[in-house]
Structures are given as C-alpha cells and as structure tokens.
Amino acid sequence: MGYFEQALLAAVLIGALSGLVGTLVVLRQRTFFAQALTHATFPGAVGAAILGVSIPLGAAIASIFIVGIMTMIGRVNRQGNQVASGILLTAGFALGVLLQGLNPSLPVKVDSYLVGSILTVTANDVTLVAIVLAFAVLAIVFLGKQIMFSTFDVNGYRAAGYREWPIELLTLVLTTATVVTAMPAVGAILAIALIAAPAAAARLVSRTTTQMFVIAPVLGAVSGLAGVLLSRSLDVAAGPTIALTATGLFMLALVLQRLAVTVRAPREADARRAPRRSLRLKA
C-alpha cells in the first residue's frame with residue numbers, strides 16, 4: 001500500500017472513530033474536557049520525541065497524569081471539571097511549547113504535533129486506530145443501553161443500583177484513546193474538530209440516539225476522506241483541511257435543520273387549526 005492510500009485509510013478510520021466517540025462526548029457534555037485533553041497531551045508527544053520513543057505512547061502516558069490531575073482539581077471545594085479543564089488546557093499547551101523551545105534540535109517540528117501530518121502515518125498508527133475503533137464499537141454495542149441510561153437519567157441510573165464511575169471511566173478511556181490515535185494525523189489542536197463536529201452535525205439531523213451513533217461515524221469518515229483529497233488537490237496541509245471539512249458538514253447540517261423547521265412549521269400550524277375548523281362546521 002502506497003503512502004497516499006495509507007493516508008486515506010487512516011483518515012477514514014480516524015474520522016469514523018472520532019465521530020463514534022464524539023457522540024459520547026457530545027451527549028455526555030464532555031466537549032470542553034476533550035478540548036483540554038487534546039492540548040494537554042501535547043507535552044507528552046514532545047517529550048516522547050525528545051526521548052526517542054513512540055509519540056502516541058508519550059501522549060497516552062501524559063493523558064493518564066492529566067486525567068488524574070483534572071479529577072483532583074475537580075473535587076476541590078468550589079472548583080469543578082470546567083475549571084480543571086481550563087487550567088490544564090493552557091498549561092499543557094504551554095509546557096509543550098516550552099519543551100520544544102528547550103530542545104531546538106528535535107528532528108520533528110512542533111507544527112507536526114499541532115496540525116498533524118497524515119501523509120507520514122505508519123502502518124502501526126493505522127493498526128492502532130483500527131484496534132481502538134473495534135474496541136469502541138464493541139463497547140457501544142454491548143454497553144450502549146447502560147451508557148444511554150447513565151447519560152440521560154443519572155439519578156435513575158443510580159437508583160437502579162448501578163455505579164456511575166465505570167461508564168464515566170469508559171468515556172474517559174475512549175476519549176483519551178481517540179485523541180492519542182488522532183494526534184499523528186490531525187494534530188493536538190485540530191483533533192477536537194473531528195471529535196465534536198461530526199457528532200454535533202449528526203445530532204442535528206438524527207431523530208434518535210441510535211441514528212446519531214450511525215450517522216456521526218459516517219460524517220467523520222467522509223470528513224477525513226474528503227479532507228485528504230482536498231488537501232492534495234489544493235496542495236495544503238491535510239490536518240486543517242480535514243478539520244474545516246468537518247466544520248463545513250456541521251454548518252450544512254445546521255442549515256438543513258433550519259430549513260426543515262421552516263418548512264415543517266406551517267404544516268404543523270395547519271394541522272393544529274384543522275380540528276378547530278371541523279368543530280365549527282359541526283356546530
């Protein structure tokens with residue numbers, strides 16, 4: 001398989017994974033956490049490059065510490081998860097830039113960590129994405145009902161005798177794994193666009209959560225595939241193009257949803273007036 005075909009495969013798999021896990025992120029309102037995680041894993045990637053080890057491995061190790069720190073800050077009195085996410089978002093990004101500045105002889109430019117380089121992904125990167133995607137699909141297929149129960153009725157979930165922390169931990173693991181595996185292709189900053197935009201677009205056009213779990217991965221895969229093809233034709237970086245494509249699909253879904261509401265409103269008004277007219281005729 002050539003490098004371009006491998007990049008297309010990586011884009012499709014990463015897009016599908018991001019859309020699938022992004023559905024959990026959007027439904028459980030963890031978008032800001034995911035954004036903080038994408039920035040905060042950046043120093044792990046830089047540190048891995050300094051040590052000469054795998055970049056996804058470095059980002060994964062950094063994410064473990066990040067989640068732990070965010071949990072501790074979130075439990076501090078009068079603080080919360082939003083505060084913890086905001087602190088680590090900027091601190092993690094700043095630490096990555098500092099490490100890069102202290103090691104100017106790094107063979108890889110810092111920009112490649114920020115916006116990704118999908119044309120240089122390896123077979124190991126693609127395999128890792130495929131494994132994480134398979135794990136995410138299995139988790140949602142077998143635990144989907146519990147995940148939705150915990151998401152939409154947390155009090156009822158607890159009253160039924162379930163513990164909330166396993167589902168929350170699963171969400172954190174899937175989000176972290178998605179961010180780590182997407183970093184080589186779309187970078188630390190742009191990964192959040194591919195996670196949030198397809199899921200948000202699917203939410204606009206879906207009538208049920210089941211439809212959302214199907215549509216979001218498809219939109220993510222389309223974003224990845226179209227972004228790589230556009231980047232080649234326009235001779236620009238693939239990461240930003242993929243992110244903009246995902247954002248464009250969200251804007252398109254928003255316009256279609258607004259048009260559907262505009263068209264449906266007069267019909268619903270006529271339907272409400274119809275019984276009144278029939279009652280008048282009988283009278």
Original post:
With no hydrogens and no angle check, do the side chains of Asp125 and Thr122 hold a donor and an acceptor under 3.5 Å apart?
Top reply: yes
Subject >> Hphob cluster co-occupancy, Val97 + Leu99, side-chain heavy atoms under 4.5 angstrom >> reply: yes
Original post:
Do the non-hydrogen side-chain atoms of Thr178 and Val25 ever get within less than 4.5 Å of each other?
Top reply: no
Original post:
Could you walk me through whether Ile195 and Val179 pass the side-chain contact (heavy atoms from CB on, under 4.5 Å) check?
Top reply: CA-CA 8 Å; Ile195 292 173; Val179 169; 3.8 Å; yes
**OP:** Report whether Phe213 and Val21 are members of the same hydrophobic cluster (ILVMFWY, side-chain heavy atoms less than 4.5 Å apart, transitive linking).
**Re:** yes
Original post:
Do other residues, nucleotides or ligands put more than 12 heavy atoms under 6.0 Å from Phe135 CZ?
Top reply: no
Original post:
Out of curiosity, Thr262 OG1 to Gln257 CD, how far, rounded to the nearest 0.5 Å?
Top reply: 9.0 Å
Original post:
Looking at OG1 of Thr245 and CG of Leu219, how far apart are the two atoms once the value is rounded to the nearest 0.5 Å?
Top reply: 12.0 Å
Subject >> Same apolar cluster: Leu51 and Leu102, side chain cutoff 4.5 Å >> reply: no
Subject >> Geometric class of the Tyr162/Tyr157 ring pair [parallel <30°, tilted 30-60°, perpendicular >60°] >> reply: parallel
Original post:
With the 4.5 Å side-chain cut-off for hydrophobic clustering, are Val132 and Leu170 part of the same group?
Top reply: yes
Original post:
Glu164: what forms a salt bridge (charged side-chain N to carboxylate O under 4.0 Å, His left out) with it, not counting sequence neighbours?
Top reply: Arg158
Original post:
Do Leu194 and Ile242 have side chains that get closer than 4.5 Å, going by heavy atoms?
Top reply: yes
Original post:
More than 12 heavy atoms of other residues, nucleotides or ligands under 6.0 Å from CZ of Phe65: is that the case?
Top reply: no
**OP:** Any chance you could measure Leu133, atom CG, to Leu138, atom CG, to the nearest 0.5 Å?
**Re:** 9.5 Å
